[in-house]
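In the text below, chain A, chain B and the rest are named by the order of the sequence lines, each starting its count at 1.
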Amino acid sequence: MPELPEVETIKNELAPVVGRRISGVDLLWERMLHQPSPAEFQSRIADRCITGISRRGKYLIFSLDSGDSLIIHLKMTGSLLLGRGSPPEYTRAIIHLDDGSSIFFRDPRKFGKIQLVADRDSVIGELGPEPLEEGFTPEVFTRGLQKRKAPLKAVLLDQGFIAGIGNMYADEALFRAGIHPLRLANSLSDAEVRRLHRAIRGVLLAAIDSKGASVNTYYRPSGEKGSAHTGFNVAHRRGEYCPVCGTGIERILIRQRGSYYCPKCQLEKR
DNA sequence: CCCGGAACCTGAAGGC
DNA sequence: TGCCTTCAGGTTCCGG
């Protein structure tokens, strides 16, 4: 599933399309377009030039020379493939570029969303801090956590609290910090908060180095997979054993999300 | 504010 | 082998 490291990788590897002009877009599954209407979308995007690509949380943002932003969310099974010729299976939208290449939005589950907006903050304005940017300091993290009494795992998945972390990296960060996912956010000691802060950044940076984790249907724009999942300690390792202590990895549901952890390395305290 | 649950989807995996 | 059920999860929305 595309989370921050996967979307960051896609953003980096789509760099070749910056400067290209969009000759047209085929919407093969119209409900993927969130706004505006299909007709307005087509007229506003045709012949626009892509002036930049950025990422905010799990959103990918194409800046256009019109001032509009084309914002894509890959949700769980989406990927953007750069290619030529016929689209791969499960392609839901095709962005045609003026050099004859295309960006294929492949998404078996049809959860992905496309929107074209003049004001990008109307989409990404409510997101929490970027965990890899300067503004995400241990102090900011501490203040935020103190306001929340929900299970830590649930808070880390809240995009308004911190942007870009999904199920896999929340589990990995909690493991690295040695903290149980059910611990209440406002119950952490200063040392634990600092450990978790470091763990979040470490886990995300390592995953970006590995070009993301291909646990499911994630592919890089080249069609290659990422390898971050080979370094996972607990995420998606049901039935396996903790690489540190050998204890069986457990899975519990927290807010309907499968949460993997080591019951020995991540002792429940209070 | 906080929480749970449904909805959106379909391939994969498990049960019988 | 094959049908049927359940599971997976990011976000949004609704109700308590």
Give the rounded distance in Å between these two atoms: NZ of A:Lys110 and P of B:dC9.
7 Å
How close or far is atom P of B:dC8 from atom NE2 of A:His73, stated in whole angstroms?
19 Å
Which nucleotide wins on minimum distance to the side chain of A:Arg251, given the candidates C:dT11, C:dC7, B:dT10?
C:dC7
Checking B:dC8, C:dT11, C:dA8 against the side chain of A:Phe111 (C-beta onward), the nearest is B:dC8
Have A:Glu6 and A:Tyr169 got a donor and an acceptor in their side chains that come within less than 3.5 Å?
yes
Without decimals, in angstroms, what is the distance between A:Asp158 CG and C:dT12 P?
11 Å
List in numerical order all residues of residues 140-157 of chain A for which some heavy atom is under 4.0 Å away from an atom belonging to DNA chain B.
A:Lys147, A:Arg148, A:Ala150
Do A:Lys153 and A:Leu182 make a side-chain contact, defined as non-hydrogen atoms from C-beta onward lying under 4.5 Å apart?
no
Is the number of heavy atoms from other residues, nucleotides or ligands within 6.0 Å of CZ (A:Arg201) greater than 12?
yes
If the test is side-chain contact (heavy atoms from CB on, under 4.5 Å), which one of A:Leu132, A:Ile165, A:Thr9 qualifies with A:Leu4?
A:Leu132
In terms of side-chain heavy atoms of A:Arg255, which of C:dG10, C:dA8, B:dG4 is nearest?
B:dG4
Look at the side-chain N and O atoms of A:Gln159 and state whether any lies under 4.0 Å from the OP1 or OP2 oxygen of C:dT11.
yes
Could you check whether A:His34 gets within reach of a base, just the sugar-phosphate, or nothing at all, counting any heavy atom under 4.0 Å?
nothing
Integer-rounded Å distance: C:dA8 P and A:Gln256 CD
11 Å
Calculate the interatomic distance between A:Tyr90 atom OH and B:dA12 atom P; express it in whole Å.
6 Å
Is there a side-chain contact between A:Arg106 and A:Tyr219, using heavy atoms and a 4.5 Å cut-off?
yes
Any side-chain N or O of A:Arg257 under 4.0 Å from OP1/OP2 of C:dA8?
no
To the nearest 10°, give me the bend of the helix from B:dC2-C:dG16 to B:dC16-C:dG2, comparing the axes of its five terminal pairs at either end.
60°
Transitive ILVMFWY side-chain link A:Val244 to A:Ile249, under 4.5 Å:
yes
Taking the side chain as every heavy atom from C-beta outward, state whether A:His34 and A:His73 have any pair of such atoms under 4.5 Å apart.
no
A:Leu253 CG to B:dG5 C1', straight-line distance once rounded to whole Å:
13 Å
Can you tell me if A:Lys113 touches the phosphate of C:dT11, counting only side-chain N or O atoms and a distance under 4.0 Å to OP1 or OP2?
no
List the atom of A:Ile179, the atom of A:Gln266, and the distance in Å for their closest heavy-atom pair.
O-NE2, 2.9 Å
Atom CG of A:Asn167 and atom C1' of C:dA8 are separated, to the nearest Å, by 9 Å
Minimum-distance nucleotide (side-chain atoms of A:Trp29 versus C:dC7, B:dC9, C:dT11):
B:dC9
Could you check A:Phe136 against A:His197 for ring-ring contact (aromatic ring centres under 6.0 Å, His included), going step by step and ending with a plain yes or no?
CA-CA 9 Å; A:Phe136 180 61; A:His197 181 268; 4.6 Å; yes
Distance only, no hydrogens: is a donor on one side chain within 3.5 Å (strictly under) of an acceptor on the other, for A:Asp98 and A:Ser23?
no
Per A:Arg31 side chain, nearest of listed nucleotides B:dG5, C:dG10, B:dC8
B:dC8
Length of the line joining A:Glu89:CD and B:dT10:C1', which is rounded to integer Å:
12 Å
